[in-house]
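Reminder, nothing fancy here: chain letters follow the sequence lines and each chain counts from 1.
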There are 2 protein chains.
Amino acid sequence: MENIRELFQVMTRRFGLLNKNCCSIDVVDISLVQSHILYEIDKREHPSMQQVAEALGMDITTFSRQIQNLVKKGLVKKTPLPEDRRVYTLSLTTEGKFIATTIDREINRYLDEVFSHMTEFEKETVIRSIKLLNECMAKSSVCCKPLF
Amino acid sequence: MENIRELFQVMTRRFGLLNKNCCSIDVVDISLVQSHILYEIDKREHPSMQQVAEALGMDITTFSRQIQNLVKKGLVKKTPLPEDRRVYTLSLTTEGKFIATTIDREINRYLDEVFSHMTEFEKETVIRSIKLLNECMAKSSVCCKPLF
DNA sequence: AATTAATAGTTGTATTTTGCAAATAAAATT
DNA sequence: AATTTTATTTGCAAAATACAACTATTAATT
């Protein structure tokens with residue numbers, strides 16, 4: 001039996017580098033963490049700071065400063081929540097949305113290319129496998145509780 | 001069809017957090033990048049600085065300083081290569097090896113737990129899928145050339 | 001052989017990122 | 001009304017990063 005961790009390590013490193021590369025294309029030029037933040041805000045509906053920071057496994061203070069940077073860059077908007085004025089709600093500006101979309105398109109373009117080396121059946125199998133993996137990781141109680 | 005990038009993002013983020021958590025268990029307490037460096041040195045046979053830095057997609061100057069730290073901590077040994085005295089060969093000390101092994105065991109323990117939520121057949125399928133994925137990513141010319 | 005170019009790694013320096021502790025400010029609980 | 005909890009921000013000091021310039025060694029060119 002092959003080393004399973006090794007397989008994961010190679011895969012995630014490749015995907016990580018892809019993510020990194022896709023941050024500095026064209027007009028877009030942000031850091032990897034910033035791109036992850038944009039992604040996460042885009043995915044959710046007006047999440048709070050806490051929620052996004054926790055999802056990314058980031059310290060809230062570091063996160064707070066990163067958000068300040070993104071607000072300064074005009075990519076993120078911070079809106080106070082009327083019901084609870086301690087909380088700030090995050091959303092993407094038009095430009096932030098544009099950048100998130102550009103990065104997303106670029107990454108999907110790469111993934112398409114990768115899957116083009118497979119048969120349709122293999123592709124289906126791989127995708128189903130990753131889904132299953134994610135479900136099982138979510139079930140696991142040992143470690144890593146990012147509530148997807 | 002589901003969003004493929006999303007699946008990857010969730011999976012790699014979970015695995016990334018796992019990696020991070022496993023750096024600070026018991027006696028072990030190193031940073032995530034340092035653990036990646038240890039892993040990569042352990043995997044190869046006396047790699048050069050360049051090789052490891054490139055594999056990790058790190059700037060060589062940053063890498064150089066990280067190695068200095070790891071040498072100071074007594075986890076890594078730097079040996080000049082006799083045939084080419086510009087080159088340094090990297091290896092783990094006994095303690096470095098111990099730490100790398102501890103982390104590896106911990107991560108595999110988690111992965112076992114994750115796979116325990118599947119049937120044997122599913123597990124086989126998932127592992128074969130990741131292998132296939134790695135092969136196809138290696139084939140791809142678009143992006144991310146870390147030569148595993 | 002002497003000179004030049006290329007390669008491997010290090011250091012100077014300035015910027016960015018990080019995270020703990022402490023602060024603020026607004027709920028929620030007593 | 002007083003206390004506690006929660007969400008976020010700042011002070012600060014340490015760590016990580018990367019560009020440019022450097023040293024040392026080997027390879028290539030003349």
Query raised in the report: Base, sugar-phosphate alone, or nothing: which one does B:Tyr88 contact when heavy atoms must sit under 4.0 Å apart?
Result: sugar-phosphate
Query raised in the report: Which of these nucleotides, D:dC19, D:dT10, D:dA16, is closest to any side-chain atom of A:Thr61?
Result: D:dT10
**Report entry** Length of the CG-P vector between B:Asn69 and D:dT17, whole Å
**Finding:** 10 Å
Query raised in the report: Mapping B:Lys78 and A:Gly57 to their closest nucleotides on DNA chain C, which lands nearer the 5' end?
Result: B:Lys78
Query raised in the report: Choosing from D:dT8, C:dT10, C:dA6, which nucleotide comes nearest the side chain of A:Ile60?
Result: D:dT8
Query raised in the report: Nearest to the side chain of B:Arg85 - D:dT10, C:dT17, D:dT25?
Result: D:dT25
**Report entry** Candidates D:dT10, C:dA8, C:dT11 - which lies nearest the side chain of B:Arg65
**Finding:** C:dT11
Query raised in the report: The side chain of A:Asp59 lies closest to which of these nucleotides: D:dA24, C:dC20, D:dA7?
Result: C:dC20
Query - 5' precedence on DNA chain D between A:Val87 and A:Lys20 (nearest-nucleotide basis) - result: A:Val87
**Report entry** Counterpart residues, ring-ring contact (aromatic ring centres under 6.0 Å, His included), relative to A:Tyr88 (two or more places apart)
**Finding:** none
Report summary line: Side-chain atoms of B:Val33 come closest, of D:dT17, D:dT25, C:dT11, to D:dT17
Query raised in the report: Which nucleotide sits closest to the side chain of A:Thr62: D:dT5, D:dT8, C:dT18?
Result: C:dT18
Report task. Can you figure out which of C:dT17, D:dT25, D:dA7 approaches the side chain of B:Arg86 most closely? Result -> D:dT25
Requested in this report: Measure from the side chain of A:Gln66, starting at C-beta and using heavy atoms only, and say which of C:dT17, D:dT8, D:dC12 lies closest.
Outcome: C:dT17
